[in-house]
2 protein chains.
Amino acid sequence: MGNSIQTEDKILFTAREVFIREGYDGARMQQIADEAGINKALLHYYYRTKEKLFTTVFERVFTEMLNRIFSLMEEQQSLEVFLNVFFREHITFLLSDPRLPAFIINEVSLHPELLSNIFGKFSFYGIERFGMLVEKEKEQGLIAQRTDPLQLFINILSLSILPVVIKPIISNVLQMDAKETETFLRQRIEILPEMVLASVRKDNSKK
Amino acid sequence: MGNSIQTEDKILFTAREVFIREGYDGARMQQIADEAGINKALLHYYYRTKEKLFTTVFERVFTEMLNRIFSLMEEQQSLEVFLNVFFREHITFLLSDPRLPAFIINEVSLHPELLSNIFGKFSFYGIERFGMLVEKEKEQGLIAQRTDPLQLFINILSLSILPVVIKPIISNVLQMDAKETETFLRQRIEILPEMVLASVRKDNSKK
DNA sequence: GTCTATATGGCGATAGAC
DNA sequence: GTCTATCGCCATATAGAC
């Protein structure tokens, strides 16, 4: 009944699903219209082109993802507490929608120009807090001086994201069924915190 | 001049480049023909459909990637030597073509069915050797008993692959130019071996 | 705002000459 | 084996009625 806001939300919601499922090049405006229960012409009424619809969706998805990561990084108590919280929350989230990280990774590498217009839309506060936490634990003698907070941050992201993203490969190459693979990945929530902690502890190697 | 083998090679070589650069859905037969210096009809003469051409290319690329990884894993001297060799070789390789891993990750998650027909085309020998190496160092008391070789293997892959794959994101979000980002990623070749080693050493935590 | 109908172009694929 | 020409379809996008 002429309810524009409701329609617009429905379009964005559906477009998000289809773009993530199929990728930009694989997605079809017809498909989005069908799943949203409207028709193609209406899509173009709200978002003049496919590209415009896509960038709107992508900016949201990307910003949400970064904000989610950075907000988890505001944890300040200790590196140990942070690692426990982060791996649990983040891996659980990724497993609930394994296509999402693959989508972001791929679109960003196919269309790097998408990233240029996204700044100022999320907070770097979390990453600064993480750096401060690392420095504090260095001073306390808990972790090695050579630890680079940024490299450590990238390590933590890598260890949580990539295994989920290559889930189909793990499944097939290692001949596990869906349930086994899920269990294997979920185990990492318990394993990773102490592994990462051990990796930055002082005096691990004599050299 | 009627040289079929040369033409077929040229097609495969070019198709590989275009598919990796654009993805399956984004790639165009016309584009492949142009870059190969032939015309579209000839593509269909050799490979009846786009899908057939793609699966041929994908199986090759995927098999090469796995064989490369697994052959590096046959290193048997010690975990330390292995980690030094692996991170150096693998990260250098990935940096030489950052689209490749993103391509594999994305196509596999978009078209999981692609994987079903690829078995028996590569060797699992490397991964077995790696498991044996881990067990040996466990017996020698060098690494913690709780270490799961498979999880460790996935960790090593994650730490080398993901940072390269999200290179554009690192570049943009952390405001580094191309050269800085390259340096940042290349530093990991030195950092990662001792980090991973430390993560599995015994007696890191009192608990 | 929402629809039906259609314009316009590009795509994968094939026919058929050489 | 390689080409030119073209078919048939489906994609994005728009025109115009309601």
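On a predicted model such as this, the values are computed, not experimentally measured, just so you know.
A salt bridge is defined here as a Lys NZ or Arg NE, NH1 or NH2 lying under 4.0 Å from an Asp or Glu carboxylate O, and B:Glu190 with B:Arg88 fails to meet this definition. Using a 4.0 Å cut-off between a side-chain N of Lys or Arg and a carboxylate O of Asp or Glu, B:Glu182 and B:Arg186 qualify as a salt bridge.
B:Leu43 has its CG atom 11 Å from the P atom of D:dT2, to the nearest Å. A:Arg48 places its CZ atom 16 Å from the C1' atom of D:dA15, with the value rounded to the nearest Å. In this entry the distance linking CG of B:Asp25 with P of C:dG10 reads 19 Å, nearest Å. The interatomic distance linking B:Lys40 (NZ) with C:dC11 (C1') rounds to 7 Å, in whole Å. One interatomic measurement links the two molecules: OH of B:Tyr24 to P of C:dC11, which rounds to 14 Å at whole-angstrom precision. Separating the CG atom of A:Asp34 from the P atom of C:dC3 is a distance of 12 Å, rounded to the nearest angstrom. Atoms CD (A:Gln30) and P (C:dA5) sit 14 Å apart, rounded to a whole Å. We find that CD of A:Glu8 is positioned 14 Å from C1' of C:dT2, with the value rounded to whole Å.
A sub-4.0 Å separation between OP1 or OP2 of D:dG1 and a side-chain N or O of B:Thr7 is absent. Listed pair B:Asn39 / D:dC3 meets the phosphate criterion, a side-chain N or O lying under 4.0 Å from OP1 or OP2. At the phosphate of D:dA13, neither OP1 nor OP2 sits under 4.0 Å from any side-chain N or O atom of A:Tyr45.
When distances are taken from the side chain of B:Leu42 to each of C:dT2, D:dG1, D:dA13, the shortest belongs to D:dG1. When each of D:dT14, C:dA15, C:dG12 is scored by its nearest atom to the side-chain atoms of B:Ala41, the top-ranked nucleotide is C:dA15. Comparing D:dT14, D:dA13, C:dA15 by their nearest atom to the side chain of A:Met29 picks out D:dA13. With distances taken from any side-chain atom of B:His44 to the nucleotides C:dA13, D:dA11, C:dG1, the minimum falls on C:dA13. Taking only side-chain atoms of B:Tyr46, from C-beta outward, the nucleotide of D:dG1, D:dC3, C:dG12 with the closest atom is D:dG1.
With sequence neighbours excluded, no residue satisfies side-chain hydrogen bond (donor to acceptor under 3.5 Å, both in side chains) with A:Glu89. Looking at residues two or more places apart in sequence or on another chain, you find a ring-ring contact (aromatic ring centres under 6.0 Å, His included) between A:Phe62 and A:Phe58.
Atoms CE and CG, from A:Met29 and A:Asn39 in turn, are 11.5 Å apart once rounded to the nearest 0.5 Å.
Within the nucleic acid shown, B:Ala33 has no heavy atom closer than 4.0 Å to any nucleic acid atom.
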